[in-house]
2 protein chains.
Amino acid sequence: MKFSVSEENYIKNIYHLQQQSDLVNTNSLANELQTKAASVTDMLKKLQMKKLLDYEKYKGFRLSTKGNKVAINIVRRHRLWEYFLVTKLGFEWDKVHAIAEDLEHVSNQDLIQKLDSFLNYPQTDPHGDPIPDGDGKIPVIHQLSIADVTEKKKVIVSSVANQSPAMLELLNHYHINIGTELKINQRFSFDESIEIKVGKYAACIISKPVAKNIFVHHE
Amino acid sequence: MKFSVSEENYIKNIYHLQQQSDLVNTNSLANELQTKAASVTDMLKKLQMKKLLDYEKYKGFRLSTKGNKVAINIVRRHRLWEYFLVTKLGFEWDKVHAIAEDLEHVSNQDLIQKLDSFLNYPQTDPHGDPIPDGDGKIPVIHQLSIADVTEKKKVIVSSVANQSPAMLELLNHYHINIGTELKINQRFSFDESIEIKVGKYAACIISKPVAKNIFVHHE
DNA sequence: ATTAAATTTTAGTCAAATCTAAAAAATATA
DNA sequence: TATATTTTTTAGATTTGACTAAAATTTAAT
Ligand SMILES: [Mn+2]
Ligand SMILES: [Mn+2]
Ligand SMILES: [Mn+2]
Ligand SMILES: [Mn+2]
């Protein structure tokens with residue numbers, strides 16, 4: 001089944017909001033999509049008609065099994081293109097999201113299958129997020145926030161939860177990337193900030209909110 | 001300046017029709033776009049407003065200098081993606097057009113520049129058509145229809161004028177591809193058909209209309 | 001030069017996706 | 001519990017791109 005760009009954007013963003021809370025509400029989706037609540041309500045009715053959504057007026061909504069499958073496919077396309085843009089075209093990891101936002105809607109099955117094969121079936125995108133396979137299975141990446149890592153441990157950055165431009169700008173400033181090696185030096189109880197050593201750079205201190213968003217591999 | 005997918009499709013198809021005759025008429029564009037003449041007239045007015053078109057009611061229309069630049073950029077994107085799909089993803093040359101039809105509308109300048117570089121600045125797409133460079137310059141490919149080639153000559157197929165699925169199906173049947181070596185054996189005056197030898201396959205006869213559409217390199 | 005035929009444009013609808021303003025329902029507060 | 005606030009939905013309007021049917025114009029044929 002084929003969906004419009006607009007429908008796909010709604011479906012994908014509902015999917016992302018469901019990662020935080022099972023039931024999604026109108027305003028948070030409107031905010032996510034930079035649109036108005038009234039527009040969201042209109043689209044919700046349409047998606048419910050198409051059996052993509054479980055929706056009860058004034059209560060909230062969540063993707064149906066069918067809607068979830070569609071969402072995972074869009075996420076798959078988005079992340080494969082992001083991986084392509086970084087590893088093949090040489091984009092910086094903080095520049096690829098907007099472009100993938102368009103490419104994800106080119107939904108030829110054969111194209112995505114061949115792209116996946118060309119890229120050698122990557123497990124995660126440039127931000128460390130897992131790439132669903134052709135059957136919709138999502139690889140489990142074992143990871144831990146550095147807010148919770150034992151002191152003096154050396155770890156490898158595997159993903160970043162908040163991927164806003166502001167966060168990516170800060171991470172670039174700290175020279176932190178996916179794959180970067182970090183050492184957790186010490187924790188300061190006053191503000192729960194953490195001193196870390198990034199690769200060969202001088203040690204620096206990151207705040208609690210930043211630390212919570214940086215995840216590292218965990219065997 | 002950003003244009004809608006619909007606007008871009010109109011612009012590109014006007015460009016292609018202009019390769020055959022300088023002035024384009026409403027019905028032929030409607031036919032090309034599989035739409036109705038009334039819809040075309042509506043869009044013509046809009047494109048004229050945006051200074052992309054020189055248009056006189058009931059007379060016909062052609063792209064303005066500005067419109068031509070936009071068209072060449074769309075053609076560039078289309079052909080680069082086609083080249084990518086065949087050389088990197090392993091698609092057959094007769095399967096890429098429909099996909100490139102979507103990809104051509106993802107119009108991030110940086111993306112296309114990096115894609116071009118990744119592909120090593122190809123001169124022609126998988127159908128032998130020239131790929132405009134970043135400044136809109138179109139490489140001149142010296143070629144000749146095999147309807148006009150001297151007998152007994154060995155030549156290399158460089159492009160195919162008619163790229164309809166029906167034509168591509170026939171060419172596959174004859175084992176003719178871009179880059180294929182052909183020998184022109186003899187011409188038959190009755191119907192102007194031509195006997196050719198394709199690579200190592202047994203000699204076969206192609207009709208005049210087919211021959212006129214197959215072009216070969218010409219130094 | 002008339003008339004007939006083909007082409008093109010206009011007029012009026014329609015569907016998708018958006019918006020603002022107002023009404024309805026749910027939630028929070030006194 | 002009654003009232004105020006917030007959230008969500010409805011009602012009605014707008015824009016884009018498409019359509020059909022009818023009118024206008026051009027081109028072809030008597
Ligand atoms: Mn998108
Ligand atoms: Mn990502
Ligand atoms: Mn197109
Ligand atoms: Mn082509």
Side-chain angles (χ1 to χ4, degrees), chain A residues 1-14 17-18 20-63 67 70-71 74 101-102 104-107, chain B residues 1-14 17-18 20-63 67 70-71 74 101-102 104-107:
Chain A
M1 191 153 272
K2 250 281 199 173
F3 303 101
S4 73
V5 169
S6 194
E7 287 171 327
E8 288 194 344
N9 281 334
Y10 275 90
I11 293 165
K12 192 185 71 170
N13 281 282
I14 295 168
L17 286 171
Q18 275 189 241
Q20 297 177 255
S21 69
D22 179 51
L23 203 65
V24 183
N25 46 290
T26 304
N27 266 348
S28 54
L29 182 53
N31 178 59
E32 203 73 15
L33 288 164
Q34 302 274 61
T35 186
K36 296 294 145 74
S39 311
V40 170
T41 304
D42 284 346
M43 184 60 91
L44 293 178
K45 282 190 235 161
K46 187 153 57 127
L47 295 178
Q48 190 185 33
M49 286 285 206
K50 297 193 177 186
K51 309 274 183 202
L52 296 164
L53 213 60
D54 296 331
Y55 167 47
E56 253 190 291
K57 256 168 73 163
Y58 290 107
K59 294 267 177 77
F61 48 91
R62 59 168 69 79
L63 291 170
V70 174
I74 303 166
E101 208 58 46
D102 286 339
E104 71 187 2
H105 302 293
V106 179
S107 58
Chain B
M1 192 154 270
K2 250 282 200 174
F3 303 100
S4 73
V5 169
S6 194
E7 287 170 326
E8 289 194 343
N9 282 333
Y10 274 91
I11 295 165
K12 193 185 69 169
N13 280 282
I14 294 168
L17 286 172
Q18 275 190 240
Q20 299 177 254
S21 69
D22 179 51
L23 202 66
V24 183
N25 45 290
T26 305
N27 265 348
S28 55
L29 183 53
N31 177 60
E32 203 73 14
L33 287 163
Q34 301 274 60
T35 186
K36 296 294 145 76
S39 311
V40 169
T41 303
D42 285 345
M43 184 60 90
L44 293 179
K45 282 191 235 161
K46 187 152 56 123
L47 295 178
Q48 189 184 34
M49 286 287 208
K50 297 192 176 184
K51 309 273 183 202
L52 296 164
L53 213 59
D54 296 330
Y55 167 45
E56 253 192 288
K57 256 169 73 164
Y58 289 106
K59 293 267 177 77
F61 48 90
R62 59 169 67 78
L63 292 170
V70 174
I74 302 166
E101 207 58 45
D102 286 339
E104 71 187 3
H105 303 292
V106 179
S107 58

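Protein chains get the first letters and strands the later ones, always in sequence-line order, with residue 1 at the start of each.
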Checklist entry - Which heavy atom in K12(A) sits nearest to a heavy atom in E101(A), and how many Å separate them? => result NZ-OE2, 2.7 Å

Item to check | N27(A) vs dT8(D): side-chain N/O to OP1/OP2 distance below 4.0 Å | outcome: yes

Checklist entry - Is there a residue in residues 47-60 of chain B whose heavy atoms reach under 4.0 Å of DNA chain C, and which residues are they? => result Y55(B), K57(B), Y58(B)

Checklist entry - Hey, does the side chain of Y10(B) come within less than 4.0 Å of dA18(D)'s phosphate (OP1/OP2), counting only N and O? => result yes

Checklist entry - What is the minimum heavy-atom distance between Y10(A) and L47(A), and which atoms define it? => result CB-CD1, 4.1 Å

Next on the checklist: Restricting to non-hydrogen atoms, name the atom on I14(A) and the atom on V24(A) that form the minimum distance, rounded to 0.1 Å.
Outcome noted: O-CG2, 4.1 Å

Checklist entry - How many Å lie between NZ on K2(A) and C1' on dA16(C), as a whole number? => result 16 Å

Checklist entry - In whole angstroms, how far is the C1' atom of dT8(D) from the CG atom of L23(A)? => result 13 Å

Next on the checklist: With a 4.0 Å limit, can you tell me whether S6(B) has a side-chain N or O closer than that to the phosphate oxygens OP1/OP2 of dT16(D)?
Outcome noted: no

Checklist entry - For the pair made of CG in L44(A) and P in dT7(D), what is the distance, rounded to whole Å? => result 16 Å

Checklist entry - So what does T41(B) hit on the nucleic acid, given a heavy-atom distance under 4.0 Å: a base, only sugar-phosphate, or nothing? => result base

Checklist entry - Roughly, in whole Å, what's the span from CG in N31(A) to P in dT8(D)? => result 12 Å

Item to check | Atom pair CE/CD of M1(B) and E7(B) - distance to nearest 0.5 Å | outcome: 10.0 Å

Next on the checklist: Measure NZ/K45(A) against P/dA16(C) and give the value in whole Å, please.
Outcome noted: 14 Å

Checklist entry - Once you round it to whole Å, what is the distance between P of dT18(C) and CD of E7(A)? => result 10 Å

Checklist outcome for this item: L63(A) and A71(A) have their tightest heavy-atom pair at CD1-CB, 3.8 Å

Checklist entry - With respect to the phosphate group of dT9(C), does any side-chain polar atom (N or O) of T26(B) fall under 4.0 Å of OP1 or OP2? => result yes

Are any protein N/O atoms closer than 3.5 Å to N/O atoms in nucleotides 19-22 of chain C? If there are, list each pair with its distance.
from    : atom 1 : to     : atom 2 : distance (Å)
dC19(C) : OP2    : T35(A) : OG1    : 2.6
dC19(C) : OP2    : K36(A) : N      : 3.3
dC19(C) : OP2    : S39(A) : OG     : 2.6
dT20(C) : OP2    : K36(A) : NZ     : 3.3

Checklist entry - Run the side-chain hydrogen bond (donor to acceptor under 3.5 Å, both in side chains) check on H105(A) and D102(B) step by step: do they pass? => result CA-CA 9 Å; H105(A) 302 293; D102(B) 286 339; over 6 Å; no

Next on the checklist: Please find the pair of heavy atoms, one from A30(B) and one from K36(B), that lie closest to each other, and give the distance.
Outcome noted: CB-C, 3.9 Å

Next on the checklist: Could you report the tightest heavy-atom contact between N9(A) and L33(A), atom names first, then the distance?
Outcome noted: O-CD2, 3.8 Å

Item to check | Listed partners of M49(A) passing side-chain contact (heavy atoms from CB on, under 4.5 Å), at least two apart | outcome: none

Checklist entry - Within the structure, does a side-chain N or O atom of N25(A) lie under 4.0 Å from either OP1 or OP2 of dT8(D)? => result yes

Checklist entry - Atom CZ of F61(A) to atom P of dT8(D): distance rounded to whole Å? => result 8 Å

